[in-house]
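Only heavy atoms go into these numbers, but all of them, side chains included; no hydrogens, no water, no symmetry mates. Just so we're clear, the structure is a prediction, and the values are computed from it rather than from any experiment.
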Amino acid sequence: MGKINLCFVLSSDSSQINVKDNFSANYQLIYKPIVSFLYANPELKFTFSFTGPQLVWYKKNYPEFLKVLGELTARKQVELLGGGFYNPIFPLLYPSDRAGQIEMLSSEIRRATGKRPRGLSLCASSWDPSLIFGFQTCGMEYVILDSSLVPDSKQYYLPIISADKGKTLCVLPSFREFSPQKEIPVSEYIKNLISSVKERGLSYSENNDYEQIVTVFIGKHQLAELLNSSWLKDFLAELKNNFKDSVELSLPLTCRRSAKTFVQAYIPAGISSDIALWASNPFSSVSATGTFPVTIYDFFRTYPRQEALYNRMLYLSLLLNQCHGDKMRKKAARDKLWEAQTGEAYICTPNGVVADSKRRLVAYKSLAEAEKLLREADEFTESITAFDYNCDGVDEYLCRMNHFNACIGLKSGSIFEFDVMKNCGNYADNFKRLEKFDGYTDRYCRGFFVDSLFDEEEFEAFKNLRTTDSGIFTNKNYSLSVFNSKRHEIKFEAEGNFSTLRQPVRLRKNYVITGNGLMVQYILKNESPFSMSGKLTVESNFSRPDDKMKYLLEAVSNGERNRLDSDVKDPEMIEKVSFVQIVDSKDDITFIFEPNENASFIFSQISFQRPDKNGKTVVAGRTLVTSFCWDVQLAAGMEMEKTINFTIVAAKHKKN
């Protein structure tokens, strides 16, 4: 049994929000000091993981940093890991996108340091065996995965050979338990490392001539603490004086190529253990109890907002692959699609707010820009199509119009995704309240044109944003009665029982889609032999993920125009409203509601509280809640009809 090869790896920077400030601060705090330390201490070997935007920023602002990295790489003191240019979650991508992102980052690294990477790391260690072929085709010799993905019976601190359909790839596990801490004395750290690793060695009868490998990821701020506390200096001195025959600093590629003993293992799909903790209970850390590894798709079942972004990204990938128009515009669209594939928008991490709506907003904007380019590259015609958009086993109805995309589902017959083509995000990207953090739990998804029929008591709860037990139609699965793609018309209907008397009622809901908006017609019928009274409400929720984003709200009531405060926390209601205008002041988009009959109008803002990395609750997103309400007084067998015209304009719209 030989030495233990220890490989330190520095994780990459965030690549989406506040890029300039983030990269600049981390350069001064972490990257500049560690490279200076490496240059002055040739015995220290270190591996870096960079995103593509990070390297591009360094090339523009600190080219001398990349020059020094190239020198350190040439003297085999530093290795740069490859991966996806925008640090995507690879199992979510089509093979062409995987290969394109890997090649894009590899080319950037070669230009910066003179060498192509031969290994890669994965966002959240999100793994699937089907990745092996693509990684091998891209010239990768190994991948670093979190050790939690490797079966315990295969944990010998040796390189692992994983195979899929005749193709193989070397896997180097990374071990978070060996992450150095400034509070742990250097000698104690090394002794613990040696005793833990040697304990899991192969038996003599299997092989006695091998060297074990321990790969350790170090966080950026953790490394800054080690540098400031002189821990690394003490570590090098301790290795040289007392442990030079037991532990040797190395690089992953060197270990891979010099290894003589491998462990064969099948590694099933999964994600790293620190992310898996959050995958079973929304916004709470819970240890997994099942026998199967947690995958990115399990994570999506728990966090539907991340899954909704994935569905949008996947649809854009399909559009891109089907585009046969202008090649330059198609290439530009692919670049914007890749930007939107950054993993931090799809998965929560312990290094920030568990669900960051700002990151999703940036991704949605990139996807909108990509679709605009595709529309320009190929001949675009307005359309509505029926297909299983979100892979739930039933069809949804996607309306692709000049100014917007709207996706309508059978659940409450509502719009659950609404993208404006002026490079804006998904205005229906709303959280659901959770009692643990927000005081109440929402029992429905906050989309556009969510219908409810309440009695007086339930309406009071609804009006004051309390949890309601029944809205009859809020969570009903509507049935499709008419779908006319040529006339851009969709008709739904649903049935339910109203109040404690369980009076049967029927609601027909008709959409007519136009290039700059839509018309929604409601026909409510009392099918019971008795008269009924209640409140019909139509709710639309506007996501507000960005603090800089503010909605300007105006309404015409009794013929007078009123400016309303969209930031109110307590709901407000005004009567006899005939016109409502909502302006997204940041992106200069105006939404106009015009009911055919005067209605009561309720509005308020909800702030969704979610935990940060320290367990404190912070605001993770906001929603402007708006509702139109009408009194329902129907005799037996009678029906009533209400209509709302909804218009979108890409400039501030004033109406007298």
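- Note: Tyr346 and Phe300 have tilted aromatic rings, judged against thresholds of 30 and 60 degrees for the angle between ring planes.
- Remark: Lys331 engages Asp335 in a salt bridge, criterion side-chain N to carboxylate O under 4.0 Å.
- Each of Met313, Arg312, Gln306 was evaluated against Tyr310; a single residue qualifies, Met313, per the side-chain contact (heavy atoms from CB on, under 4.5 Å) test.
- Aromatic rings of Tyr427 and Phe591 (six-membered ring for Trp) have centroids within the 6.0 Å cut-off, being under it.
- Under 4.0 Å is where a charged nitrogen must lie from a carboxylate oxygen, and between Lys422 and Asp587 no such pair does.
- The aromatic ring centres of Phe483 and Tyr397 sit less than 6.0 Å apart.
- Lys535 has no carboxylate O lying under 4.0 Å from a charged side-chain N of Glu456, or vice versa, which leaves the two without a salt bridge.
- The aromatic ring centroids of Phe593 and Phe601 lie 6.0 Å or more from each other.
- At a threshold of 4.0 Å, the pair Lys550-Asp567 counts as salt-bridged, since one of the basic side-chain nitrogens sits closer than that to a carboxylate oxygen.
- A salt bridge is defined here as a Lys NZ or Arg NE, NH1 or NH2 lying under 4.0 Å from an Asp or Glu carboxylate O, and Lys411 with Asp392 fails to meet this definition.
- The side chain to side chain donor-acceptor pair (under 3.5 Å) test with Arg433 singles out one residue from Asp438, Asp442, Thr623, and that residue is Asp442.
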Derivation and outcome, salt bridge (Lys or Arg N to Asp or Glu O under 4.0 Å), residues Glu371 and Arg400: CA-CA 10 Å; Glu371 181 161 359; Arg400 298 185 68 211; 3.0 Å; yes

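- For the ring pair (Phe, Tyr, Trp, His ring centres under 6.0 Å) with Phe418, the lone residue among Tyr364, Phe542, Phe646 that qualifies is Phe646.
- Between Tyr511 and Phe449, the ring planes are perpendicular. Angles over 60° get that label, and only those under 30° would be called parallel.
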Walk me through it: do Asp378 and Arg329 pass the test salt bridge (Lys or Arg N to Asp or Glu O under 4.0 Å)? CA-CA 9 Å; Asp378 221 339; Arg329 285 188 172 89; over 6 Å; no

Step by step, would you call Arg446 with Glu539 a salt bridge (Lys or Arg N to Asp or Glu O under 4.0 Å)? CA-CA 8 Å; Arg446 292 185 173 274; Glu539 178 184 345; 2.8 Å; yes

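- A salt bridge between Lys365 and Glu369 is absent, with no side-chain N of the basic residue lying under 4.0 Å from a carboxylate O of the acidic one.
- Side-chain contact between Leu465 and Ser604 is present, with at least one heavy-atom pair separated by less than 4.5 Å.
- Residues Glu493 and Arg508 are not paired through a salt bridge, judged by the lack of any N-O separation under 4.0 Å between the basic side chain and the carboxylate.
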